[in-house]
Amino acid sequence: MSEENQTLAQRKEKAEALAELGVKLYINSFKPANCARELLPKGDLLQPQQAEPGGAVYSIAGRVLAMRKFGKAAFCTVADGSGQIQIYLKLDILGEAVFETFKKWDIGDIVGAVGTLFKTKVGELSLQASEIVMISKSLRPLPDKWHGLSDVETRYRQRYVDLIVTPETRETFRKRVEIIRLVREHLTRRNFMEVETPMMQPIPGGATAKPFKTHHNALGMDLYLRIAPELYLKRLLVGGFERVFEINRNFRNEGLSTRHNPEFTMLEFYQAYATYEDLIALTEEMISSICLAVNGSMKITYQGQEVDLTPPWTKLTMDEALLQVAGIPAAVLADDAQVMALAREKGIKLEENAGPGKAKTELFELLVEDRLINPTFITRYPTEVSPLARRNENDPSVTDRFELFITGRELANGFSELNDPRDQLSRFEKQIADRGDDDEIHPELDADYIRALEYGMPSAAGEGIGIDRLVMLLTDAPSIRDVILFPHLKPEAGLTADRDEDGGQ
RNA sequence: GGGUCGUUAACUCAGUCGGUAGAGUAUCUGACUUUUAAUCAGAGAGUCGCGCGUUCAAGUCGCGCACGACCCA
């Protein structure tokens, strides 16, 4: 014990002292009948220093966040899941013995109180406790009540502490839950059915990314954590489920950044007999209405930038974007050789087999993406970079595909689906032939997917929306780690469980 | 992978030219029965991220490492 920090040692002593007074430290018999949010409005009916007429008895439970002690009386700010309420403890009412146990309370303890309501002379509704209980004794001190917890590493590693002391963090994750609920509701109302497809796949398909590899012992085979659910969802279209969606984790074995976490949440949805234009309309309506529901306005601020999500949103073809936003002359865009030359001139490294489609896409990423602050759909993506999208009827070099950009970031990607098994097979084969030196990316031929298409997949359109990025946008979060409860970090050095000889129960 | 910055008490942070480690909050003791960043008086609390080096002397200078943040690839 002597090796620990002082506070931890002192609290353990207090815990022992309480135990000697006959107070149990970790009970599960107290069930609060009320919560802060429910009681607080009752204060509107009271004048300062007035007790609630009728003297109804309420009970609450929560964590002590602050204490103001006066020798023979005290105020405690207690937080439960719904909010905060103050309890008032008085020697006269509780009696010597109980008040003595209260003196061993600490900030951070989870306690229960039973009592009546009154308003203090400064006008704060308070529960005057007639009974108090210790529900769970806290052994570690909470961060500074005024400055809070600002060390981001601790906020990510010990999210539980962050959630206790940072209201903004609680708010962000409540919003996240609400956003996902609204997405689900939006699609369900339109007769989409929510499904679950494999997270472990023998062939990681549906995107180009490095997968995580794992091994199934009983089957004696390698499996990959999915990089996308796309090919399974489209198998369901073949099966006759005409509108499906999945909100779940994808895994990509790549770098971490403020926009990338190795596991992230993706919405994918597929609608039979629809085109990418239908999905553009759906996306615009869904995201703008969710923003309105969550933020009370379609005009928001993201990291100091004004963003207006009021529909209709801008729609530009990739060529139009390159012309209007990047100022690349139409004559250059129309000439494959000039496009390739321009890309090289801008320092873009193109693989030997890369064509003008790849070059345009790279130029777009370099010169246009960052500048698309208000929502913008970019359409007519080159076929070369869209292995799963349907070719445009009039121009087979581009696909019926779009991506959505907001605050310079890709938020959604959708297209009319390729359902011709012959075209799909040849594009898979090209993808495999073009595989670079990178052994970690495995474009493998998913023969079963081709077989599924051979049974006939209805015409359809499908889309993926990055949920984490959507939540970042709508909660004004600068980093993806701020919208993921437990983001990935390297293990903490030197962390061991405290195994004090008498610390356990 | 590269660059920049950071790591000092439980939390938030100071620490000058290299010369005994500081504050506020929290904690502990005492006073205080309507406070709310309660107040007043007193006290305790440090592996200065880790290691090596330079020096009579290192939180401070140098090198390496760990972890984190941001930027770049």
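Chain identifiers are assigned alphabetically (A, B, ...) following the order of the sequence lines, protein sequences preceding nucleic acid strands; residue numbering begins at 1 within each chain. For clarity, every value in this text was computed on a predicted model and none was experimentally measured.
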Check: What interatomic distance, in whole Å, is found between C1' of B/A58 and the corresponding atom of B/U47?
Finding: 15 Å
Margin query: Between B/G62 and B/U25, how far apart are the two C1' atoms, rounded to whole Å?
Written below: 36 Å
Check: NA contact type, A/Thr258, heavy-atom cut-off 4.0 Å: base, sugar-phosphate, or nothing?
Finding: sugar-phosphate
Note to self: Distance check, P atoms only: B/G22 and B/C67, in whole angstrom units.
What the structure shows: 33 Å
Check: A/Phe75 side chain: which of B/G68, B/U34, B/A10 is closest?
Finding: B/U34
Notebook entry, point to check: Is a donor on one side and an acceptor on the other found under 3.5 Å between the side chain of A/Thr301 and the backbone of A/Gln305?
Noted result: no
Margin query: At 4.0 Å (heavy atoms only), tell me whether A/Gln49 reaches a base, stays on the sugar-phosphate, or touches nothing.
Written below: nothing
Next item on the list: Describe the nucleic acid contact of A/Tyr156 in one word from base, sugar-phosphate, nothing, applying a heavy-atom distance below 4.0 Å.
Entry: sugar-phosphate
Note to self: Would the base of B/U36 count as contacting A/Thr77 through its side chain, where contact means a donor and an acceptor less than 3.5 Å apart?
What the structure shows: no
Next item on the list: For B/A14 and B/U8, measure between their C1' atoms and round to the nearest Å.
Entry: 10 Å
Item checked: Whole-Å gap separating C1' (B/A26) and NZ (A/Lys145) -> 8 Å
Item checked: Most 5' of A/Lys14 and A/Trp146 on RNA chain B, judged by nearest nucleotide -> A/Lys14
Note to self: Pick the closest RNA chain B nucleotide for A/Lys121 and for A/Leu489 by heavy atoms, then say which residue is nearer the 5' end.
What the structure shows: A/Lys121
Next item on the list: Determine whether A/Asn261 and A/Asp468 make a side-chain contact, defined as any pair of heavy atoms from C-beta on separated by less than 4.5 Å.
Entry: no
Checklist line | Pi stacking test for A/Phe70 and B/U33: under 5.5 Å apart, planes under 30° | finding: no
Checklist line | Whole-angstrom distance between B/U29 and B/C70, as gauged at atom C1' | finding: 46 Å
Check: Contact class for A/Gly148 (heavy atom, under 4.0 Å): base, sugar-phosphate, or nothing?
Finding: sugar-phosphate
Check: Counting only distance, no hydrogens or angles, is the base of B/G68 paired donor-acceptor with the side chain of A/Asp151 under 3.5 Å?
Finding: no
Checklist line | Whole-angstrom distance between B/A73 and B/U16, as gauged at atom C1' | finding: 40 Å
Checklist line | Integer angstrom distance from the C1' of B/C40 to that of B/U4 | finding: 48 Å
Note to self: Side chains of A/Val114 and A/Tyr58, heavy atoms from C-beta outward: is any pair under 4.5 Å?
What the structure shows: no
Checklist line | Atom pair OG1/CE of A/Thr379 and A/Met318 - distance to nearest 0.5 Å | finding: 9.0 Å
Notebook entry, point to check: Say you pick atom P in B/A43 and the same atom in B/G3; how far apart are they, in whole Å?
Noted result: 49 Å
Checklist line | Intra- and interstrand pairs of RNA chain B - dot-bracket, Watson-Crick/G-U under 3.5 Å, | marks other strand | finding: (((((((..((((.....[..)))).(((((.......))))).....(((((..]....)))))))))))).
Item checked: salt bridge (Lys or Arg N to Asp or Glu O under 4.0 Å) partner of A/Lys360, the single match among A/Asp336, A/Asp335, A/Asp319 -> A/Asp319
Note to self: Applying a 4.0 Å non-hydrogen cut-off, can you work out what A/Lys90 is touching in the nucleic acid: base, sugar-phosphate, or nothing?
What the structure shows: base
Checklist line | A/Ile107 side-chain proximity, nearest of B/C32, B/A26, B/U12 | finding: B/A26
Check: A/Arg481 near the nucleic acid: base, sugar-phosphate alone, or nothing, with a heavy-atom cut-off under 4.0 Å?
Finding: sugar-phosphate
Checklist line | Side-chain donor/acceptor of A/Glu124 to base of B/U35, under 3.5 Å | finding: no
Note to self: Check for me whether the distance between the ring centres of A/Tyr160 and A/Phe486 falls short of 6.0 Å.
What the structure shows: no
Margin query: Tell me whether the NZ or CZ atom of A/Lys210 lies within the 45° cone about the ring axis of A/Tyr224 and under 6.0 Å from its centre.
Written below: no
Notebook entry, point to check: Is any side-chain heavy atom of A/Trp105 less than 4.5 Å from a side-chain heavy atom of A/Met67?
Noted result: yes
